[in-house]
Amino acid sequence: MKGFEKFYRRKLQERWDILQDEGILTKDDIKCLRNTVSSSELGNSMIENFIADYSIPEGVSFHYLIDGQEYLVPMVTEEPSVIAASSHGASIVKKAGGFKTKIKQRLMLGQIIVENFKSFEKLNEGIENEQQSLLRIANKAHYSLIKRGGGARWIRCRPLADDLLSIDLAVDVREAMGANMLNTMLEAVADHIRAVFDENVLMSILSNYATECLAIAECSIPLSVLGKESFTGEEIGRRIVQASRVAQVDPYRAATHNKGIMNGVDAVALATGNDWRAIESGAHAFAARDGQYRGLSQWTISDEQLKGRIELPLPVGSVGGSIGILPLVKINQRILKIKNAEELEKVIACVGLGQNLAALYALISEGIQKGHMRLQSKTLAIAAGAKPDELQQVLAVMNKTKEKNSATAKAAIDKIRRSKRHDRN
Ligand code: NDP
C-alpha cells in the first residue's frame with residue numbers, strides 16, 4: 001500500500017488518482033465518485049480520507065399525531081417498506097387519538113474510570129463531600145453551558161470490580177447531544193481526581209448508556225379499529241399481545257422486534273444529523289437492563305383497548321456535531337418543525353412505537369413478507385438491471401411469479417426485452 005502514504009494529506013483529486021493508479025478503480029468509477037461530491041471542503045472537514053458523498057434515500061412518513069400535534073417525519077433509510085410501515089402504524093394510532101409522550105429529564109452521563117484505588121469507601125466519601133466543588137470544576141471546563149441554563153448536576157461513585165470503579169458525572173447538555181462537551185468536562189474532573197485524590201485514572205469518556213435521558217411513548221387503540229379481512233379486532237389485538245410477550249421472553253425474537261423499532265428510530269436520527277450509533281448502543285443496553293435482552297416496547301389489552309408503550313434512551317441533539325454543518329439536516333428540522341431536542345426525542349420514540357405496531361400487525365395477520373416483497377421486488381428488479389422505462393412491466397411479470405429473487409427478476413427483464421425485440425421485428 002505504498003501509494004497510499006500520507007493519503008490523509010492529499011487533495012481529493014490526488015486521492016482519486018491514487019485509487020486509479022493502484023488499479024483499484026477505473027476512470028468511470030472515479031467519474032461516479034466525482035458526481036457524488038457536493039462539497040469537498042465539507043466532506044474533508046467532517047471526516048478523514050474523504051473520497052465521496054455516500055447517499056441514502058430520504059422519504060417522509062405521515063400521520064404522526066403526537067400530544068395533539070401532527071408531524072411530517074423525514075426518514076433516511078436504504079430499506080424498502082420502512083417508511084410505508086411507519087406511516088401505516090402511525091395512521092392506526094392517529095385514528096385512536098394519537099400518541100402520548102413523557103420525558104422526565106435530559107441528562108447525559110460520563111465516566112471517569114479509576115483503577116487500583118486505595119479504598120472505595122474513602123473515595124466515595126471524598127466525592128460526596130466535594131460534590132459541589134467537583135461540579136464547579138466540571139462547569140468551568142465548558143462554561144457556556146451554565147449560561148444556557150445547563151451544566152453538571154450530580155456526581156457519584158460506583159464500584160465495578162475489586163480494582164475498578166466508575167465516577168459518574170451527570171450533565172444537563174441543553175440542546176446538544178453533548179458527547180464532546182461532556183468529555184471536556186470529564187477530563188477536567190479527572191485531572192482533579194489524579195492531583196487531589198491521588199488516584200489512578202484509567203480513562204474518562206461519556207457513556208452511551210443514557211439512562212438519564214429516557215423517552216416514553218404510549219398509545220391506546222380501541223380493538224374495534226384493528227379488524228382486517230378475516231381477522232376481528234379482538235383477534236388482531238390478542239395476537240399482537242402474544243407477539244409482544246415473545247419478545248419479552250426470547251432474546252432471538254427480541255433482537256428482531258427491536259431491529260424493527262430501530263428501523264424507524266435510526267432513520268429519523270440520520271435525517272436529523274444525530275449519532276445513531278450512540279442511540280443504537282444505548283437502546284440495546286437498555287433492552288438488557290435486567291440481565292435479559294428484551295423487546296423495548298410492550299403491548300397489552302385492557303378496557304377493550306390495545307395499549308402500546310415504548311421506553312428507550314434517546315440522547316439526541318438539535319445542535320452540535322454534524323447538525324449545524326449538513327444542509328439537509330436543517331431542511332429536515334424544518335420539515336419536522338421541532339422546537340428543541342426534547343421534542344425530537346418525543347417524535348423518535350413515537351416513530352419507534354409506530355414502526356413496531358406496523359411490523360407486529362403485518363406479522364400476525366398477512367405475514368411481513370407480502371408487503372415487504374412488494375417493495376423488495378422493485379429493489380431486486382433495479383439490481384438485476386431493469387431500466388426506469390422497463391420497471392413497471394418487469395414488476396408486473398414478477399408479481400405473477402411465486403418466488404421473488406434475483407433470478408426471477410433477471411428472467412422477467414429478459415422476457416420483457418425478448419418481447420420488445422419480437423415486436424420490433
Ligand atoms: P459539539 O461538540 O458540536 O458541541 C455542541 C455545540 O453546540 C457547542 O459548540 C455549543 O456551543 C453549541 N450550542 C449552541 N446552542 C446550544 C444549546 N442551546 N445547547 C447546547 N449547545 C449549544 O457536539 P456535542 O458535544 O453535542 O457532541 C456530539 C458529537 O460528538 C456528535 O457528532 C457525536 O457523533 C460525537 N461523539 C460521540 C461520541 C459517543 O460516544 N457517542 C464520542 C465522541 C464524540 P458552545 O461551545 O458555545 O457551548
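By convention here, the first residue in the shown sequence is residue 1. Note that ligands are numbered from 1 as they come in the structure, with each ligand's atoms numbered from 1 the same way. The model shown is predicted, which means the values in this text are computed figures rather than measured ones.
Taking atom 24 (P) of ligand 1 as the reference point, the nearest protein heavy-atom neighbour is G178 N, 3.5 Å. The nearest protein atom to atom 36 (N) of ligand 1, hydrogens excluded, is given as A179 CB, 3.4 Å; this is a heavy-atom distance. Looking only at heavy atoms of the protein, atom 2 (O) of ligand 1 is closest to N180 ND2, 3.0 Å. Shortest contact from atom 46 (O) of ligand 1 to any protein heavy atom: H142 NE2, 3.5 Å. Here the protein heavy atom with the shortest distance to atom 11 (O) of ligand 1 is R148 NH1, 3.5 Å. Nearest to atom 6 (C) of ligand 1 among the protein's heavy atoms is G320 CA, 3.9 Å. Summary of contacts: the protein heavy atom closest to atom 34 (O) of ligand 1 is D275 OD2, 3.0 Å. Of the protein's non-hydrogen atoms, S144 OG, 2.5 Å is the one closest to atom 48 (O) of ligand 1.
Shown in contact with A278 at under 4.0 Å from a heavy atom are these atoms of ligand 1, numbered in order with element: 41 (N). Atoms of ligand 1 lying under 4.0 Å from at least one heavy atom of M177, given by number and element, are 26 (O), 28 (C), 41 (N). The ligand atoms of ligand 1 that sit less than 4.0 angstrom from a heavy atom of G321 are 1 (P), 3 (O), 23 (O), 32 (O).
When all heavy atoms of K100 and D67 are compared, the pair lying nearest together is CA-OD1, 3.2 Å.
The residue from L19, T36, I18 that alone fulfils the side chain to side chain contact (heavy atoms under 4.5 Å, CB included) condition with I51 is L19. Of the listed residues (E345, R174, E175), just one forms a side-chain hydrogen bond (donor to acceptor under 3.5 Å, both in side chains) with S318, and that residue is E175.
Residues T408 and E403 have side chains that never bring a donor and an acceptor to within less than 3.5 angstrom of each other. Neither side chain, D28 nor T26, offers a donor N or O lying under 3.5 Å from an acceptor on the other.
For atom 21 (N) of ligand 1, the candidate residues are M108, R174, M181; the nearest heavy-atom contact is made by M181. Proximity annotation for atom 40 (O) of ligand 1: of D172, N208, N183, L182, N208 comes nearest, heavy atoms only.
Remark: R238 engages E235 in a salt bridge, criterion side-chain N to carboxylate O under 4.0 Å.
With hydrogens and angles ignored, the 3.5 Å screen pairs no side-chain donor or acceptor of S244 with any backbone N or O of Q298.
Atom CD of Q20 is surrounded by more than 12 heavy atoms from other residues, nucleotides or ligands within 6.0 Å.
Judged by a 6.0 Å distance limit and a 45° cone about the ring axis, R10 is not positioned over the six-membered ring of F7.
For atom 9 (O) of ligand 1, the nearest protein heavy atom lies 4.0 Å or farther away.
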